[in-house]
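Read the numbers this way: they start at 1 and go in the same order the structure lists the ligands and their atoms.
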Amino acid sequence: MVKPAVIVPEDQPLTLANLPPGRPQKRLALAVALAFLGVLLVSAGEFSNVQLGRVDAFVPAYATAIIVNDLITAVLLFNQFAIFRSRALLAISTGYLFTAFMVIPWVLTFPGVFSPGGLLGAGLQSTNWLYVLRYAAFPTFVIAYTLLKDADRPKRLWESAVGTTILSSVAISAVIVCAVTILVTAGDAYLPRISIDPVHFSSLWLYLAGCLILWNAVALILLWMRQRSVLDLWLMVVVCSYAIEIYLVSFPGLARFSAGWYAGRTFGFVSSILVLFVLLHEIATLYARLLSAVLAQRREREARLMTGDAVSASIVHEVKQPLTGIIASANAGLNWLDRVEPELDNARNALRRVVSIGHRTSAMIEDIRAHFKADARTRISLDIDNIILEALAVVRDKLQTSGIIVQLQLGERLPRIMGERIQLQQVLVNLITNAIESMAATSGKRMLSIKSEVHTSGYVMVSVEDTGSGLEAGAADRIFSPMFTTKTDGMGMGLSICRTIIEAHEGRLWATARDRGAIFHFTVPVDSGVSS
Ligand code: ADP
């Protein structure tokens, strides 16, 4: 059975930024947000005040993981920008890139990671201020994304070259991060004090963390109000996770290396990787959808081929063979006439053959034309065995010159079938010609067996079996595709036309491979109005 093609409407959104989230995605996002809240409630309990020991590998491991996650997310989003060219997407991808870059000076200046006071000659305050700036920057980019999203609508296309734009945002982000790092580390002594010592925070930190959480809340509310796409949905989850991480890192212990601080960091990492996975999954789903749209288009094109250009291809295919017969008979006629004593009877016979083949070809061309017309053909009651014999007569010369033995197993008392004589003859001639060509390429016994029998009730089955080269592994279905051929001079239209004809007769045409050679079977419905 032919599967209906998956038709993807042209205006269907195909990027994360404009694809509306489905119900399962909304449910998943809600479940993730609720799980985050659950983690918050559990982690914000008494135990999070407990001061734990310092694990030296923790901060660099956390920083590396966050950098990798954010960079991959940035690349995915820049990719979306390259497709969709929206300023909003540029803002959010730059946001991810910027926050990934900001982790680098943060980890370098973190006291005790690379040197007791932190690298880059930083003082006690630099790490915290870099953290504040990073966590303030992300919601700012999200807000920019949210506001630009609608502004993009009337003028969606980005005029400048995509590559230059992406490179510029990478360069600008890197320059800003370097400048901020230099300013913060050089001005460390003048910065308001967030840390009292390498472990404990001052109360200023609580106000700053509170502001950061509020800023994330603003981003969340804006996203909520303007949410439309899968990306919006998951950015809301990300903003929530940022707020929860800031809370856990700051409030419970007001100190580094408290249980809450560790929980916050771990939470930040897990949520960032989770969101990345979801984005990757969404992209893979979109890719699969695109692929099926492309395949559907290809199938549609092939189907069109069968009705439009294929008419001419079919005519060429069908006419080639009788033309060869006409030329051969005409040459034979000339030879009989060119003799010293012309053999008029033989010449006349040759010319009669030319006339007969000409008539048959003309009927065939008319038939092809009618075959591609939308209206159903008039079918009549036929004896399939007669059609087999007629088809064999057409290819008799070829069978003889190729040294092929023909074995016929025609069913006794076979019911009559309903069909179109020329079309069914055309199918059989095609199958037999393919069998002859396949056997011509092999040595050994060449045997063509044709069998007719009653198939499942209501059908007659004809099988054409050869001892030729056989079918390539897995090719049994491919060979019916238009234009599929393994012959240097083949057109690959024969079997495809045969299948169309048989299917138009409400029958089936298929091939099976044998140890040596191939068998082609087709079924046609019996004429239910006539008893055998
Ligand atoms: P064409 O004859 O122009 O190649 P067809 O549609 O008739 O186009 O056949 C398509 C392909 O199917 C052939 O090129 C050949 O590879 C394969 N094929 C068809 N019939 C046979 C057969 N009897 N034995 C082996 N291969 C076959």
Side-chain angles (χ1 to χ4, degrees), residues 2 299 301-303 305-307 309-325 361 364 367-368 371-372 388 391-392 394-395 398-399 401-409 422-452 461-505 507-523:
V2 181
R299 278 199 295 271
R301 214 188 62 211
E302 278 172 4
L305 255 177
M306 284 303 297
T307 53
D309 298 347
V311 178
S312 54
S314 324
I315 290 173
V316 174
H317 179 270
E318 297 307 323
V319 162
K320 233 171 139 184
Q321 199 191 321
L323 267 184
T324 319
T361 313
M364 202 184 279
D367 199 71
I368 292 173
H371 167 69
F372 285 103
I388 295 173
L392 277 171
V394 172
V395 288
K398 269 194 181 180
L399 286 166
T401 47
S402 308
I404 294 171
I405 304 162
V406 179
Q407 194 184 54
L408 281 178
Q409 277 180 269
I422 301 276
Q423 285 190 346
L424 293 179
Q425 207 187 79
Q426 196 184 338
V427 170
L428 275 158
V429 169
N430 257 309
L431 297 182
I432 298 170
T433 310
N434 276 345
I436 295 172
E437 284 169 1
S438 167
M439 287 189 278
T442 52
S443 54
K445 195 174 175 188
R446 294 174 178 174
M447 168 104 80
L448 174 76
S449 311
I450 303 181
K451 193 172 166 185
S452 62
M461 181 169 84
V462 177
S463 312
V464 178
E465 183 174 343
D466 65 60
T467 53
S469 54
L471 301 172
E472 282 172 29
D477 225 3
R478 234 164 2 118
I479 52 174
F480 294 98
S481 310
M483 308 296 184
F484 177 86
T485 182
T486 52
K487 301 168 193 166
T488 41
D489 61 342
M491 290 189 62
M493 291 302 299
L495 288 179
S496 144
I497 294 167
C498 290
R499 189 171 253 187
T500 317
I501 291 174
I502 294 297
E503 280 176 358
H505 278 76
R508 221 157 67 75
L509 168 64
W510 72 102
T512 43
R514 301 173 66 238
D515 284 347
R516 184 159 175 245
I519 315 181
F520 284 80
H521 313 266
F522 69 84
T523 55

Specify the closest pair of heavy atoms between Ser438 and Gly468, including all atoms of both residues, with the distance to one decimal. OG-CA, 3.3 Å
Atom 23 (N) of ligand 1: which protein heavy atom is closest, and how many Å away? Asp466 OD2, 2.8 Å
Starting from atom 7 (O) of ligand 1, find the nearest protein heavy-atom neighbour and note its residue, name and distance. Asn434 ND2, 2.9 Å
Could you tell me which atoms of ligand 1, counted from 1 in the order shown, lie closer than 4.0 angstrom to a heavy atom of Gly490? 3 (O)
of all protein heavy atoms, closest to atom 9 (O) of ligand 1 is Leu495 CD1, 3.6 Å
Looking only at heavy atoms, is any part of Phe480 under 4.0 Å from ligand 1, and if so is it the side chain, the backbone, or both, or is it neither? neither
Where is the nearest protein heavy atom to atom 11 (C) of ligand 1: which residue, which atom, and how far? Phe484 O, 3.9 Å
Using a 4.0 Å cutoff against the non-hydrogen atoms of Ile479, which atoms of ligand 1 qualify? 10 (C), 12 (O), 17 (C)
Gly470 heavy atoms within 4.0 Å reach ligand 1 at atoms 25 (C), 26 (N)
Measuring from atom 14 (O) of ligand 1, which candidate in Thr433, Ile497, Ile436, Thr486 has the nearest non-hydrogen atom? Thr486
Which of Thr485, Asn434, Asn430, Val427 passes side-chain contact (heavy atoms from CB on, under 4.5 Å) with Leu495? Answer is Asn434
Within a reach of under 6.0 Å around NZ of Lys487, are more than 12 heavy atoms found that belong to other residues, nucleotides or ligands? yes
Would you check whether Glu437 has a nitrogen or oxygen atom less than 3.5 angstrom from a nitrogen or oxygen atom of ligand 1? no
Considering heavy atoms of the protein only, find what lies nearest to atom 4 (O) of ligand 1 and give residue, atom and distance to 0.1 Å. Thr485 OG1, 2.6 Å
Got a second to check how far Phe520's CZ is from Ile502's CD1, nearest 0.5 Å? 12.5 Å
Closest heavy-atom approach to atom 8 (O) of ligand 1 among Ala441, Gly468, Gly492 is made by Gly492
In this structure, CD of Glu465 is separated from CZ of Arg516 (nearest 0.5 Å) by 11.5 Å
Quick one: nearest non-hydrogen protein atom to atom 26 (N) of ligand 1, plus distance? Leu471 CD2, 3.5 Å
What protein heavy atom is closest to atom 2 (O) of ligand 1, reported as residue, atom name and distance in Å? Lys487 NZ, 2.8 Å
Restricting to side-chain hydrogen bond (donor to acceptor under 3.5 Å, both in side chains), what partner residues turn up for Thr433, sequence neighbours left out? none
Rounded to the nearest 0.5 Å, what separates atom CD in Glu437 from atom NZ in Lys398? 5.5 Å
Looking only at heavy atoms, the pair that brings Arg514 and Ile519 closest together is CD-CG1, 3.2 Å
For Ile422, which residues count as a side chain to side chain contact (heavy atoms under 4.5 Å, CB included) partner, sequence neighbours excluded? Ala363, Asp367, Glu420
